[in-house]
Amino acid sequence: GTVVHINAAVAGLVGAYVVGKRVGYGKEAMAPHNMVMTMIGASMLWVGWFGFNAGSNLEATGGATLAFLNTILATSAAAVAWVSAETLLKGKPSMLGAASGAVAGLVAITPACGTIGPMGAIVLGLISGVVCLWAVHGLKKMMGVDDSLDVFGIHGISGIIGAILVGVFTAPSLGGTGAEDFSIASQVLIQTKGVVITILSSGIVSVVMFKLVDIVIGLRVPEEEERIGLDVTSHGERAYNN
């Protein structure tokens, strides 16, 4: 599951670099479009994720129960971690932060949900919430990219965190379901190799594909059309008329 998130996040990052920044990015206010829809979407993701994580067990056993429990604990912990860190840094928590933290927790727990213990899930959630908050603010500025939906900062970074730390929290000494001779060092190395291979393969293929599309069709609309909005220029109607 997390390979999908890392893969998509790297592809999205490459796309953001190739397409370039939105007109007015960094100068004009670009507030979230609709917070109500954001919360509806995040809530649907959270509920639907149980079908993925617990449902992947394919039978109603203790394994499915563990995955279900870990999914809700990690996601909750990540949402709490994000809004807590946001409160410390900005003085106020935000609903968008809660939704972002929840998504970060969902992605991070996915590779680990069947093999780590509930306490491991909470710690994993707390880590992903705080690190992804930094990723969408500090890291994004450092990279100088207009990742408008923070796909890399949330899905990519939490995917990497979950993929690597599953090699830590699966250890039986940390409440995981690993065998008695489970080696954290060797498993973390295996997980890290998987992450690096995914990043490289996705990155290389994405660069080639985006460049090809840019040459053949073109990726960027004219500035005038961008300012008018693609609802009007592409579809001839607006989502909202008030």
Side-chain angles (χ1 to χ4, degrees), residues 1-9 11-12 31-87 90 92-137 140 147-166 169-170 175-176:
T2 301
V3 168
V4 174
H5 289 272
I6 298 171
N7 178 38
H33 169 70
N34 187 314
M35 276 309 305
V36 176
M37 285 191 179
T38 299
M39 291 313 297
I40 292 169
S43 303
M44 289 169 74
L45 268 179
W46 194 329
V47 173
W49 221 278
F50 294 111
F52 185 61
N53 281 3
S56 293
N57 200 58
L58 300 179
E59 53 182 350
T61 61
T65 308
L66 179 66
F68 196 104
L69 180 64
N70 283 341
T71 300
I72 199 160
L73 289 175
T75 308
S76 303
V80 169
W82 188 300
V83 293
S84 300
E86 206 171 34
T87 307
K90 296 183 175 180
K92 284 189 177 70
S94 73
M95 210 69 205
L96 183 64
S100 301
V103 174
L106 287 166
V107 175
I109 193 59
T110 298
C113 63
T115 61
I116 72 174
M119 276 308 298
I122 293 170
V123 175
L124 184 57
L126 293 172
I127 292 168
S128 64
V130 174
V131 175
C132 290
L133 172 66
W134 164 76
V136 304
H137 293 292
K140 186 158 78 166
D147 180 0
S148 59
L149 298 178
D150 291 314
V151 177
F152 185 76
I154 296 175
H155 292 261
I157 297 298
S158 61
I160 291 166
I161 290 168
I164 292 172
L165 291 186
V166 64
F169 293 117
T170 299

*asked:* For W82 and H137, I'd like to know if the aromatic rings sit close, meaning centre-to-centre distance below 6.0 Å.
replied: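 Judged by ring-centre distance (under 6.0 Å), W82 and H137 do not meet the cut-off.
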Do [X] and [Y] make a side-chain contact, defined as non-hydrogen atoms from C-beta onward lying under 4.5 Å apart?
X	Y	result
F152	V136	no
S158	H5	no
T87	K92	no
W49	C113	no

Please tabulate, one pair per line, all N/O donor-acceptor pairs under 3.5 Å involving side-chain atoms of residues 117-132, not counting sequence neighbours.
residue: S128; atom: OG; partner: L124; partner atom: O; Å: 3.3
residue: S128; atom: OG; partner: G125; partner atom: O; Å: 3.0

inquiry  = Within a 6.0 Å radius of atom CZ on F50, are there more than 12 heavy atoms belonging to other residues, nucleotides or ligands?
reply    =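 For F50, atom CZ is crowded (more than 12 foreign heavy atoms under 6.0 Å).
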Of all heavy-atom pairs between [X] and [Y], which one has the smallest distance, and what is that distance?
X	Y	value
G156	I6	O-CG1, 4.2 Å
H155	A9	C-CB, 4.4 Å
I116	N70	O-ND2, 2.8 Å
V80	S84	O-OG, 2.6 Å

Which pairs of donor and acceptor atoms, one on a side chain in residues 51-60, lie under 3.5 Å apart (sequence neighbours left out)?
residue: N53; atom: ND2; partner: T71; partner atom: OG1; Å: 3.0
residue: S56; atom: OG; partner: F52; partner atom: O; Å: 2.3
residue: N57; atom: ND2; partner: E59; partner atom: O; Å: 3.0
residue: N57; atom: ND2; partner: T61; partner atom: OG1; Å: 2.7

For residues 95-102, tabulate all N or O donor-acceptor pairs below 3.5 Å that involve a side-chain atom, not counting sequence neighbours.
residue: S100; atom: OG; partner: L96; partner atom: O; Å: 2.8

Nearest 0.5 angstrom please: [X] [atom1] to [Y] [atom2], how far?
X	Y	atom1	atom2	result
I157	L133	CD1	CG	12.5 Å
I109	L69	CD1	CG	9.5 Å
D147	L149	CG	CG	7.0 Å

- Any donor-acceptor pair under 3.5 Å linking the side chain of D150 with the backbone of G153? no
